[in-house]
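Counting from 1, the numbers follow the sequence of the chain as shown. Nothing here was measured: the structure is a model prediction, and the numbers come from that model.
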Amino acid sequence: MAFSDELLDAGAEIWAAQLDHPFVSELAAGDLDDAAFRRWLEQDYRYLFDYARTYAIAGAKAREEAAMATLLGGADAVLNEELDLHRSFADEYGVTETDLAETRKLPTCEAYTSFLVRTAYDRPVPVTVAALFPCMRGYLDAAEHMADRAEAEHRYTPFIETYTSEEFRAETAAVRELVDRYAAARPGSQDAMREAFLTSARLELAFWEMAYAGEEWSA
C-alpha cells in the first residue's frame with residue numbers, strides 16, 4: 001500500500017466528517033447560505049496566501065529537481081489560478097479585492113495558516129509536503145462528492161468545476177506522488193508526516209465548520 005493511502009486510511013473518519021458536513025452538502029445542493037459562503041471566501045482568500053507561501057518555502061528547501069518543480073509550481077498555481085477564482089466569486093458578491101485583503105483571519109484560519117507556515121520553516125520538507133496534502137486531496141474529494149450530489153447547475157457550480165478540473169486533479173496527483181516518494185526515501189520521517197497530515201486534515205474539517213457556524217473572535 002502506498003504511504004498516501006495509509007494516510008488516507010488513518011484520516012478516514014475525518015474525511016467522512018468533511019463529506020457529511022452541512023457546508024459541503026448545502027453547497028452541493030446550491031442552497032448554502034450567502035453569509036456562510038462569503039465567510040469561506042474571505043477566509044480562504046487569506047488562507048491561500050499562506051498556503052502558497054508554504055509551498056514556496058518547501059520548494060526553496062527541496063534539493064531534488066522534481067520536488068522543486070512540484071512545490072514551486074504549486075505556489076504558482078495558487079497565486080495565479082486559485083486566487084482568481086476567489087476574486088471572481090467575490091465580484092459576484094459585491095466584495096472588493098480590498099475587502100478580501102483587509103479581512104481579519106478568524107481563529108481557525110489563523111491556527112491553520114500558522115501551522116502550515118511554521119511547519120514549512122521548522123520541519124523537513126517531507127513533513128511539510130504531508131501537511132499540504134490534505135487541502136488538495138480534501139477539496140478534490142469534497143468537490144467530487146458535491147458533483148455526485150448536485151442535481152442541476154447552480155451558482156456554486158463553478159466551485160465544484162474548479163476543484164474537479166483536470167488541472168486540479170493533476171496538481172493533487174503531483175503532491176500525492178511527492179508524499180509517496182519522500183515516505184519511501186525517508187522512512188524515518190513517516191511518523192512525523194502522518195502527524196502533520198492528520199493535523200492539517202483536522203484543521204480542514206474545522207475550516208468548513210468555521211465558515212458554516214459563523215465563528216468570531218470573542219473580543
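How far CZ of F23 is from CG of D33: 10.0 Å, rounded to the nearest 0.5 Å. One finds the CD atom of E177 at 7.0 Å from the OG1 atom of T70 (value rounded to the nearest 0.5 Å). Atom OG1 of T172 is separated from atom CE of M136 by 3.5 Å, given to the nearest 0.5 angstrom. Going from atom OG1 of T164 over to atom CZ of R169 covers 6.0 Å, rounded to the nearest 0.5 Å. With values rounded to the nearest 0.5 angstrom, R149 atom CZ is found 11.0 Å from I160 atom CD1. Residue E216 holds its CD atom at 6.0 Å from CG of L106, rounded to the nearest 0.5 Å.
Under the 3.5 Å distance criterion, the side-chain polar atoms of S88 are matched with a main-chain donor or acceptor of L85.
Counting heavy atoms from C-beta on, the side chains of S200 and L116 come closer than 4.5 Å. A heavy-atom distance below 4.5 Å is not found between the side chains of T128 and L71. Within the 4.5 Å cutoff, side-chain heavy atoms of H86 are placed close to those of L48. Between T54 and T119, the closest side-chain pair of non-hydrogen atoms is not below 4.5 Å.
With respect to the salt-bridge test (charged N to carboxylate O, under 4.0 angstrom), the residues E42 and R46 do not qualify. Taking 4.0 Å as the cut-off between side-chain N and carboxylate O, E6 and R194 count as a salt-bridged pair. A salt bridge does not link R118 to D50: none of the charged nitrogens lies less than 4.0 Å from a carboxylate oxygen. Salt-bridge annotation for D141 and R137: present, with a side-chain N of the basic residue lying under 4.0 Å from a carboxylate O of the acidic one. The residues D34 and R155 are annotated as salt-bridged, a charged nitrogen and a carboxylate oxygen being separated by less than 4.0 angstrom.
Between W208 and Y139, the distance from one ring center to the other falls under 6.0 angstrom. In this structure, H145 has its ring center no closer than 6.0 Å to that of W15. Residues Y45 and W40 keep their aromatic ring centres 6.0 Å or farther apart. Taking the six-membered ring wherever Trp is involved, the centroid distance between the rings of F207 and Y47 falls below 6.0 Å.
For C135 against Y112, the heavy-atom pair with the smallest separation is CB-OH, 4.0 Å. Scanning both residues, V175 and Y55, for their nearest heavy atoms gives CG2-OH, 3.4 Å. Contact between V78 and A52 at its shortest, heavy atoms only, is CG1-CB, 3.9 Å. When all heavy atoms are compared, the tightest approach of A184 to P187 is O-CD, 3.7 Å. Of all non-hydrogen atoms in P158 and H154, the two that sit nearest each other are CD-O, 4.0 Å. The nearest pair of heavy atoms linking A201 to I14 is O-CG2, 3.4 Å.
Looking only at atom types and distance, the side chain of T157 has no donor-acceptor partner in the side chain of E153 under 3.5 Å away. For T96 and D99, the side-chain atoms include at least one donor-acceptor pair closer than 3.5 Å. Side chains of S4 and R176: a donor-acceptor N/O pair is present below 3.5 angstrom, by distance only. Of the N and O atoms on the side chains of T103 and Q43, not one donor lies less than 3.5 Å from an acceptor on the other residue. Defined by atom type and a distance below 3.5 Å, a donor-acceptor pair is missing between the side-chain atoms of E82 and Y51. Inspection of the E144 and Y163 side chains reveals no N or O donor paired with an N or O acceptor under 3.5 Å.
Both F115 and F49 belong to a common hydrophobic cluster when Ile, Leu, Val, Met, Phe, Trp and Tyr are linked at side-chain heavy-atom distances under 4.5 angstrom. L79 and L72 fall into different hydrophobic clusters, defined by Ile, Leu, Val, Met, Phe, Trp and Tyr side-chain heavy atoms under 4.5 Å apart, directly or through other members. Under the 4.5 Å side-chain contact rule for hydrophobic residues, L27 and L19 do not share a cluster. Residues W217 and Y212 fall within the same hydrophobic cluster, defined by Ile, Leu, Val, Met, Phe, Trp and Tyr side chains chained together at heavy-atom separations under 4.5 Å. With hydrophobic clusters built from ILVMFWY side chains whose heavy atoms lie under 4.5 angstrom apart, L203 does not share a cluster with V117.
Ring geometry, Y156 versus F37: the interplanar angle falls from 30° to 60°, so the pair is classed tilted.
Every residue two or more places apart in sequence or in another chain that forms a side-chain contact (heavy atoms from CB on, under 4.5 Å) with E209 is listed here: H21, A213.
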- Task: Carefully, step by step, assess F159 and M146 under the rule side chain to side chain contact (heavy atoms under 4.5 Å, CB included).
- Result: CA-CA 10 Å; F159 176 103; M146 293 173 190; 3.8 Å; yes
Pairs of donor and acceptor atoms involving the side chains of residues 60-68, under 3.5 Å and at least two apart or interchain, shall be tabulated with distances.
{"from": "K61", "atom 1": "NZ", "to": "A120", "atom 2": "O", "distance (Å)": "2.8"}
{"from": "K61", "atom 1": "NZ", "to": "Y121", "atom 2": "O", "distance (Å)": "3.4"}
{"from": "K61", "atom 1": "NZ", "to": "R123", "atom 2": "O", "distance (Å)": "2.8"}
{"from": "R63", "atom 1": "NH1", "to": "K61", "atom 2": "O", "distance (Å)": "2.9"}
{"from": "E64", "atom 1": "OE1", "to": "Y182", "atom 2": "OH", "distance (Å)": "3.1"}
{"from": "E64", "atom 1": "OE2", "to": "R186", "atom 2": "NH2", "distance (Å)": "3.3"}

